[in-house]
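Below you'll find the structure, written out as structure tokens, and then a few comments.
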Amino acid sequence: MAVKKEMSNGEIADAFTELGTLYELDGAISYRVLAYRDAAKVIKQSPVSIAELTRAGRVTELPGIGKTIEEKIVALMETGSIPSADKLKAKFPPSLVEVTLIPGLGAKTVRRLHDELGIATLDDLRTAVAEQRLRALKGLGPKAEENIAAQLEKLGDEGPSERVLLSDALPIAERLAEVLREHPASQAVDIAGSARRLAETCKDIDLIATASDPVALATALIEHPLAAASGNPSSNGARITTYNGVAVDLRIVPPKEYGNLLQHFTGSAAHNVQLRERAVKRGLSVSEHGIKNTETGKLSRHTTEAAVYKRLGLSYIEPELREGRGEIRAAADGKLPKLIELGDIRGDLHSHTTLSDGKNTLDEMAEAAKAKGYAYFAVTDHSATHGFGDHVTPERLEERIEEIAELNARIGSSRFRVLAGTESNILPDGSLDYEDSLLERLDWVVASVHTSFRMTKANMTARMVAAVEHPLVDCLGHPSGRMLLRREGYDFDIEAVAEAAARAGTFIEINGNPNRRDLSEQNARVVADAGVKICLNTDAHRVSTLENMRYGIATARRAWLTKADVANARAWAQFQKLRKR
DNA sequence: GCCGTTTTCGGCCCGACTGTTTTCAGTCG
């Protein structure tokens, strides 16, 4: 019997994104289009399989998924397509959908290009632009034609992925904010947008400010050495592009409405929409300029964000929570969690040295961890089958155990200890690549998948479940194997792995490497809900990357985690009590 | 199409910018 591969959440989401655009081309009301796009987002973000959820009849439990979309998912899973999408594709060439992806070209315009000029593909559009046929259309002119030509040009040299890792955006944002703060014309400067929310990736950097001389501050930004290109500075702000291609937007407003502006530009879009919907029900209208009483027309401005939220009957919401995932309801009910903070972390439990592929020695890493004020620090070099020529043989690991004992005798104390550990490979059958007799002698065992990513979901899940059930495994490392902006993680059932870890008393890590952030914030929520304690680890390969704890904290906070959810936010004695061995 | 301490219908966020226009539609964040 032929086994049909299960549709991934991404594939299902893409089908609904496309369907939304098809309906938009067809002239459907915008709310219907929005409903499909919102559904696509929810589907894509779901930590659990939408296909499975649908089979279980539970998919409508997700916000934004109703009876109609449920039926369409079923049809998609059973037949490979959605009937209404097929009908629309008979009406318009599906290639029109990609024409709408050109920035500045929306569905309304594309529909007219199709109806009036017979344009069906990007190539058709290119030809029409070259022949200057667009300007004949009412509402379009030479300028529009020029802009489209420029966008088509851009499409040629680089792909659509222009997002950057938080770790590429945040240092630039912090540096520019610092420079602007020091400028004599500035009064307040803050990072806003996805960088402030500490999202995994950023499309651009938003800076906001108040200034005694706005134009002078805007000018300071465009004259900064980081600016490769810039627009004209004005009293409203300025926009630059840095040499690594990140766009930076600076917006400047009067101090009186600074809180409104900071709130507005921190977003997210979903958070702001929900906030405004709630406000409307209370006769209020929220914008970046203030909160207007619809009845009286009176506008109140707020110097701080806390005042903005207070005016709406909400407690202050931390930026990391502002994703439209229930934080507004929680703020209204006074049920927001007290989020974990960087200062709560007492140890780092995943690191590498020159013994495997790290760049600093055991002593250097340990000294750096001690200097950070940690109470414990696990050294977990790669195991016997890592396969990049940097693996650690059982004999070498035994020597390492002795070295760490000596190190603890030398620099350790009751207030700082180094744990002899390993990052052992989880082999395809779920076993580890050291003998139990050796693992038993270690203080700390991280188990991770590094090879054979292309297994079926069932097999990969069984492999990981076997590892977390191993009595000598303390912690599951970077559970999904994803690399942000580079590769998807492997296919596995996070709920099954979380349940197994909860039963076995095994920790699961949030790997703070900014390329990984793994557990993802969605999976971290699932794992915490299953009752598993989470470790925030850096996977540092050198002293400087011990700083990546901040990205692990970012993911933890975005997952609504508190100090109580995190194992290594405990002092040594309490941490020991949590361990299964 | 979704949703409900204004439930099964009638709503569904807000403003800036752009290019094209004599007052605005489309697009975007």
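Naming: A, B, ... by sequence-line order, numbering from 1 per chain. Keep in mind that this is a model prediction, so the values were computed, not measured. For the numbers below, each heavy atom of this structure counts, side chains included, while hydrogens, waters and symmetry mates do not.
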Could you measure between the two [atom1] atoms, the one in [N] and the one in [M], and give it in whole Å?
N	M	atom1	answer
B:dT6	B:dC12	C1'	14 Å
B:dT8	B:dG15	P	30 Å
B:dG19	B:dC9	P	46 Å
B:dC17	B:dT21	C1'	15 Å
B:dT7	B:dC2	C1'	12 Å
B:dT23	B:dT18	C1'	15 Å
B:dA25	B:dT20	C1'	9 Å

How about [X] and [Y]: does a side-chain donor come under 3.5 Å of a side-chain acceptor?
X	Y	result
A:E70	A:T60	no
A:K292	A:S287	no
A:T17	A:D14	no
A:N513	A:N515	yes

Discussion item. Go nucleotide by nucleotide along DNA chain B from the 5' end; which of A:G66 and A:R251 gets its closest nucleotide reached first?
Written reply: A:G66
Practice prompt. Please tell me which of A:G104 and A:Y23 maps to the more 5' nucleotide of DNA chain B, matching each residue to the nucleotide holding its nearest heavy atom.
Written response: A:Y23
Stretch [range]: residues that reach within less than 4.0 Å of DNA chain B through a heavy atom:
range	value
residues 134-145 of chain A	A:G139, A:L140, A:G141, A:P142, A:K143, A:A144
residues 274-307 of chain A	A:R276, A:E277, A:V280, A:K281, A:S285, A:V286, A:S287, A:E288, A:H289
residues 236-250 of chain A	none

On the nucleotide [N], are OP1 or OP2 found under 4.0 Å from the side-chain N or O atoms that [X] carries?
X	N	result
A:N147	B:dG19	yes
A:S30	B:dC12	no
A:K108	B:dT27	no
A:Y31	B:dG1	no

Please report, rounded to the nearest Å, how far the [atom2] atom of [N] is from the [atom1] atom of [X].
X	N	atom1	atom2	result
A:E24	B:dG26	CD	P	11 Å
A:R322	B:dC13	CZ	C1'	17 Å
A:I328	B:dC3	CD1	C1'	16 Å
A:D38	B:dC13	CG	P	11 Å
A:L105	B:dT18	CG	P	17 Å
A:L19	B:dG1	CG	C1'	10 Å
A:K67	B:dG1	NZ	P	14 Å
A:L113	B:dA25	CG	P	19 Å

What I want to find out is whether [X] reaches [Y] closely enough, with some N-O distance under 4.0 Å, to be called a salt bridge.
X	Y	result
A:R550	A:E174	yes
A:E6	A:K457	no
A:E178	A:R175	no
A:E305	A:R196	yes

Discussion item. Using only atom types and a distance under 3.5 Å, with no angle test, would you say the side chain of A:R239 pairs donor to acceptor with the backbone of A:D249?
Written reply: no
Please list every donor-acceptor pair under 3.5 Å in which a side-chain atom of residues 99-113 of chain A meets a protein atom from a residue at least two apart or in another chain.
{"from": "A:T100", "atom 1": "OG1", "to": "A:V97", "atom 2": "O", "distance (Å)": "2.5"}
{"from": "A:R111", "atom 1": "NE", "to": "A:D115", "atom 2": "OD1", "distance (Å)": "3.4"}
{"from": "A:R111", "atom 1": "NE", "to": "A:D115", "atom 2": "OD2", "distance (Å)": "2.9"}
{"from": "A:R111", "atom 1": "NH1", "to": "A:L25", "atom 2": "O", "distance (Å)": "2.8"}
{"from": "A:R112", "atom 1": "NE", "to": "A:E116", "atom 2": "OE2", "distance (Å)": "3.1"}
{"from": "A:R112", "atom 1": "NH1", "to": "A:K138", "atom 2": "O", "distance (Å)": "2.9"}
{"from": "A:R112", "atom 1": "NH2", "to": "A:K138", "atom 2": "O", "distance (Å)": "3.0"}

Practice prompt. Give A:L34 one of three labels, base, sugar-phosphate or nothing, depending on what nucleic acid heavy atoms sit under 4.0 Å from its own.
Written response: nothing
Practice prompt. Indicate, with a heavy-atom threshold strictly under 4.0 Å, whether A:F265 touches base, sugar-phosphate, or nothing.
Written response: nothing
Fill in: Inter- and intrachain pairs under side-chain hydrogen bond (donor to acceptor under 3.5 Å, both in side chains), touching residues 32-47 of chain A, at least two apart
A:T21-A:R37, A:Y23-A:R32, A:E24-A:R37, A:Q45-A:R325, A:Q45-A:Q522
Fill in: Which residues share a side chain to side chain contact (heavy atoms under 4.5 Å, CB included) with A:D123, sequence neighbours left out
A:T121, A:R126
Discussion item. Which nucleotide, if any, forms a Watson-Crick or G-U wobble pair with B:dC9, using both distances under 3.5 Å?
Written reply: B:dG4
Worksheet entry | Rounded distance [0.5 Å steps], NE2 in A:H302 versus CZ in A:R311 | 6.0 Å
